[in-house]
Amino acid sequence: MESDDMDYSDDDDLDDAMDYYGNEDDIDNVDPKKTDPEFFMYECLTVDEVEKVLNESVEKLSNSLKITPSLAKVLLNEHRWNSNDIIDRYRDNASNLLVSSRIKSGNGKKVAHVTLLCPVCIQSHTFDKFQNLSCGHSFCKNCWSMHFEIQVSQGISTQIRCMAAGCDVLVPEDLVLSLISRPQVRDKYNQFSFQDYVKSHPELRFCPGTNCQVIIRSQDLSSKKASCKTCQTSFCFQCGNDYHAPTNCVTIKKWLTKCADDSETANYISANTKDCPKCNICIEKNGGCNHMQCMNCKHDFCWMCLHDWKSHGSEYYECSRYKENPNIANESAHAQNLIHLQAREALKKYLHYYERWENHSKSLQLEQQTLERLKNRINEKVMKGLNSTWIDWQYLFTAATLLAKCRYTLQYTYPFAYYASMDPTSSRKDLFEYQQAQLEAEIENLSWKIERAETTDRGEIENQMDICEKRRLTLLKDFFPTTTSDMNS
Amino acid sequence: MAALPRRIIKETQRLMQEPVPGISAVPDESNARYFHVIVTGPEDSPFEGGLFKLELFLPEDYPMSAPKVRFITKIYHPNIDRLGRICLDILKDKWSPALQIRTVLLSIQALLSAPNPDDPLANDVAELWKVNEAEAIRNAKEWTQRYAMEDN
Ligand SMILES: [Zn+2]
Ligand SMILES: [Zn+2]
Ligand SMILES: [Zn+2]
Ligand SMILES: [Zn+2]
Ligand SMILES: [Zn+2]
Ligand SMILES: [Zn+2]
């Protein structure tokens with residue numbers, strides 16, 4: 001949930017949390033790195049600021065290696081902007097570094113190009129019309145510039161290669177820019193290069209918000225939540241997806257793919273399985289017959305209406321408005337049933353977690369609607385001047401923001417729980433499930449109280465907020481995803 | 001359309017004067033950028049004896065962009081799909097403006113001699129090529145008989 005027109009919270013989550021605890025804890029003595037599992041130090045930069053940062057690195061490297069800024073850029077882009085590593089490698093074996101960075105050709109010998117016939121356009125030109133690369137391959141400037149334009153039109157910039165067949169040498173920026181004449185193409189080239197540089201820089205991320213130009217920078221390369229100060233979009237700094245603690249980056253990706261892949265299977269299961277009305281075990285309809293017998297309790301019932309089969313008698317055909325499917329009518333080999341059973345159990349398990357994941361996601365939306373309704377009602381009250389001012393109700397919006405934050409974390413505990421449940425070696429599973437259940441209970445409690453805010457005591461809501469956030473932070477403190485080890489990866 | 005670049009004229013002349021053995025490439029009468037190509041199935045390959053029709057088109061920005069090539073004759077090959085599209089690196093990211101129609105056609109001929117099921121385009125064919133090469137080769141020969149013989 002983002003801040004709205006009332007502007008009650010335009011600072012980040014850390015500040016929110018500090019506001020809550022400001023009265024109880026002596027902030028001066030508390031190091032947020034230790035107390036807040038979500039603490040994340042980052043800055044939101046503009047394109048110009050990032051260009052400055054990048055140029056400083058380029059200049060430093062170009063000075064210390066005595067190479068052109070253009071070559072320094074190639075080196076940095078090819079080595080994730082790790083200047084120290086580049087300098088070490090350069091001192092160790094400059095030639096190796098230049099070859100592996102595709103600045104020099106690995107073939108060693110320079111190809112001396114003596115003829116004045118360009119091999120691409122097959123035309124003769126005077127000597128000054130030719131341009132060669134460090135690999136020695138030489139072509140006419142006209143062909144180079146056409147090559148650059150076509151490459152840029154395909155979105156290629158820092159990866160533009162020499163035109164010779166099989167030659168991997170990269171064309172440095174100064175040469176490209178000196179031969180591109182059209183200003184729009186130059187702009188495009190600069191734009192694409194900038195994107196490549198940011199993408200290869202481990203400390204930089206483009207804000208994923210639509211049409212947002214902000215670049216987030218952090219030296220903490222973990223799966224923390226970054227929130228863009230301009231467009232308010234939040235995302236995981238490590239993988240760029242929606243923030244997903246306590247689930248880690250690999251697991252959330254697996255989970256989202258699974259959700260997308262299994263939606264059809266899940267539909268099949270819900271269309272083709274029902275729970276026995278007597279013992280509630282899951283039963284799959286694998287034939288056309290609507291007379292079902294539960295393999296567990298042997299209860300006979302009707303697939304269509306779930307009533308006792310005996311009560312049907314001859315009225316069966318009236319109950320069933322559907323036609324039987326003759327294709328699947330007679331396939332019920334015992335072995336196949338077993339496999340189906342296992343698959344079904346696996347799916348049931350997945351659905352258990354998926355339904356909760358989905359449900360909390362829907363609750364988040366519903367609570368947003370509730371908040372809108374509340375806002376309108378409070379507006380009315382304030383307008384009528386019934387013993388309350390706008391300020392008196394501000395706490396409620398803070399409460400709703402906190403509820404959304406807690407519910408969001410709760411939603412993302414389910415992928416974690418699903419994969420942990422399948423891992424027999426995961427020893428902290430029980431603790432996790434316990435904390436998850438605690439958090440869930442307190443969240444529903446808070447949600448209930450906020451819905452009835454007009455009659456609930458303010459102190460009671462604030463107390464419940466406090467409990468919720470503490471539960472959330474406890475769970476995150478114990479299970480915040482680390483890059484190296486994970487209970488559920 | 002703009003006048004034909006010297007490069008294309010030169011390449012066409014050379015293709016006609018010194019044709020690549022086993023390959024014929026003739027420009028269309030009405031479009032000098034469109035070539036009718038016939039590749040003979042290489043000896044000691046399952047495509048031996050077959051004549052494979054292809055079309056080759058030189059796009060507007062050729063040679064800065066690669067030619068577009070496609071098999072017209074049906075062929076059972078792990079790197080060529082049902083629509084005749086070819087998975088060949090020099091037609092994609094490894095294209096270089098210094099390569100020519102001639103080199104492209106030679107590479108395609110080489111691909112017929114040495115199918116590469118590890119870089120597949122036709123997944124089912126590649127799969128069979130890996131698990132049961134003998135059967136895959138039998139299929140390729142059968143398809144060559146059925147679709148690539150002169151009398152049909
Ligand atoms: Zn040229
Ligand atoms: Zn070169
Ligand atoms: Zn943004
Ligand atoms: Zn992530
Ligand atoms: Zn039962
Ligand atoms: Zn019924």
Side-chain angles (χ1 to χ4, degrees), chain A residues 102 105-107 111 113 115-125 129-133 135-171 175-176 179-182 185 188-189 192 196, chain B residues 1-20 23 25 27 32-33 35 56-69 86-111 114 116 119 123:
Chain A
R102 298 191 283 157
S105 163
N107 300 330
V111 194
H113 192 67
T115 74
L116 291 178
L117 186 77
C118 170
V120 168
C121 59
I122 329 242
Q123 271 168 359
S124 300
H125 308 276
K129 293 281 190 306
F130 281 87
Q131 174 69 54
N132 66 308
L133 268 191
C135 51
H137 295 124
S138 182
F139 302 92
C140 81
K141 287 179 181 168
N142 201 18
C143 283
W144 278 120
S145 97
M146 284 205 320
H147 176 56
F148 298 155
E149 293 212 359
I150 296 295
Q151 295 285 298
V152 172
S153 76
Q154 294 169 356
I156 302 170
S157 57
T158 61
Q159 299 301 308
I160 296 180
R161 291 192 319 243
C162 171
M163 280 198 286
C167 182
D168 273 338
V169 168
L170 297 173
V171 186
L175 180 57
V176 176
L179 290 178
I180 292 181
S181 47
R182 283 169 37 205
V185 184
K188 278 258 174 278
Y189 175 83
F192 293 143
D196 285 357
Chain B
M1 191 180 272
L4 213 53
R6 185 180 158 81
R7 154 91 187 235
I8 296 180
I9 297 168
K10 283 278 167 194
E11 275 201 68
T12 310
Q13 279 172 358
R14 192 163 160 231
L15 276 170
M16 310 305 276
Q17 283 158 10
E18 323 157 34
V20 190
I23 297 173
R33 287 176 176 268
F35 289 75
L56 183 148
F57 180 72
L58 303 176
E60 188 60 39
D61 43 22
Y62 178 83
M64 300 309 156
S65 293
K68 310 254 177 281
V69 200
I86 308 163
C87 180
L88 188 61
D89 57 357
I90 60 159
L91 290 177
K92 293 172 186 146
D93 55 321
K94 286 287 182 313
W95 170 253
S96 142
L99 292 170
Q100 300 181 6
I101 302 172
R102 171 180 298 268
T103 28
V104 167
L105 295 177
L106 278 168
S107 301
I108 290 171
Q109 201 180 37
L111 194 64
N116 176 13
D119 183 19
N123 279 315

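Just the heavy atoms: all of them, side chains too, but no hydrogens, waters or symmetry mates, feed the values below. Below, read A as the first sequence line, B as the second, and so on, with proteins coming before strands; counting in each chain starts at 1.
Between A:V171 and A:V176, some side-chain heavy-atom pair lies under the 4.5 Å cut-off. In this structure, A:L133 and A:F139 have side chains that are not in contact, with every pair of non-hydrogen atoms separated by 4.5 Å or more. Side chains of A:H125 and A:C118 form a contact here, defined as non-hydrogen atoms less than 4.5 Å apart. At a threshold of 4.5 Å between non-hydrogen side-chain atoms, the residues A:C121 and A:C140 count as touching. Contact annotation: the side chain of B:M64 approaches that of A:V120 to within less than 4.5 Å [non-hydrogen atoms, C-beta and beyond]. At a threshold of 4.5 Å between non-hydrogen side-chain atoms, the residues A:R102 and A:V169 do not count as touching. For the pair B:I23/B:Q109, a side-chain contact is recorded, criterion being any heavy-atom separation below 4.5 Å from C-beta on.
Residue-level contacts of residues 7-18 of chain B with chain A, in order of numbering, are B:R7, B:K10; threshold 4.5 Å between heavy atoms. Against chain B, the residues from residues 156-164 of chain A that qualify, each with a non-hydrogen atom under 4.5 angstrom away, are A:R161, A:M163, A:A164 in number order.
If you measure heavy-atom distances from B:P63 to chain A, the contacts under 4.5 Å come from the side chain alone. Heavy-atom distances place no part of A:E149 under 4.5 Å from chain B, backbone and side chain included.
Residue pairs that meet the side chain to side chain donor-acceptor pair (under 3.5 Å) test with at least one member in residues 90-99 of chain B, sequence neighbours left out, do not exist here.
Ranked by non-hydrogen atom pairs under 4.5 Å with chain B, the options A:C167, A:S153, A:C143 are led by A:C143.
Residues satisfying the side-chain contact (heavy atoms from CB on, under 4.5 Å) criterion with A:S124, sequence neighbours excluded, are A:L117.
When the shell of 6.0 Å around NZ of A:K141 is examined, it contains more than 12 heavy atoms from other residues, nucleotides or ligands.
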side-chain contact (heavy atoms from CB on, under 4.5 Å) between A:I180 and A:S145, worked out: CA-CA 6 Å; A:I180 292 181; A:S145 97; 5.7 Å; no
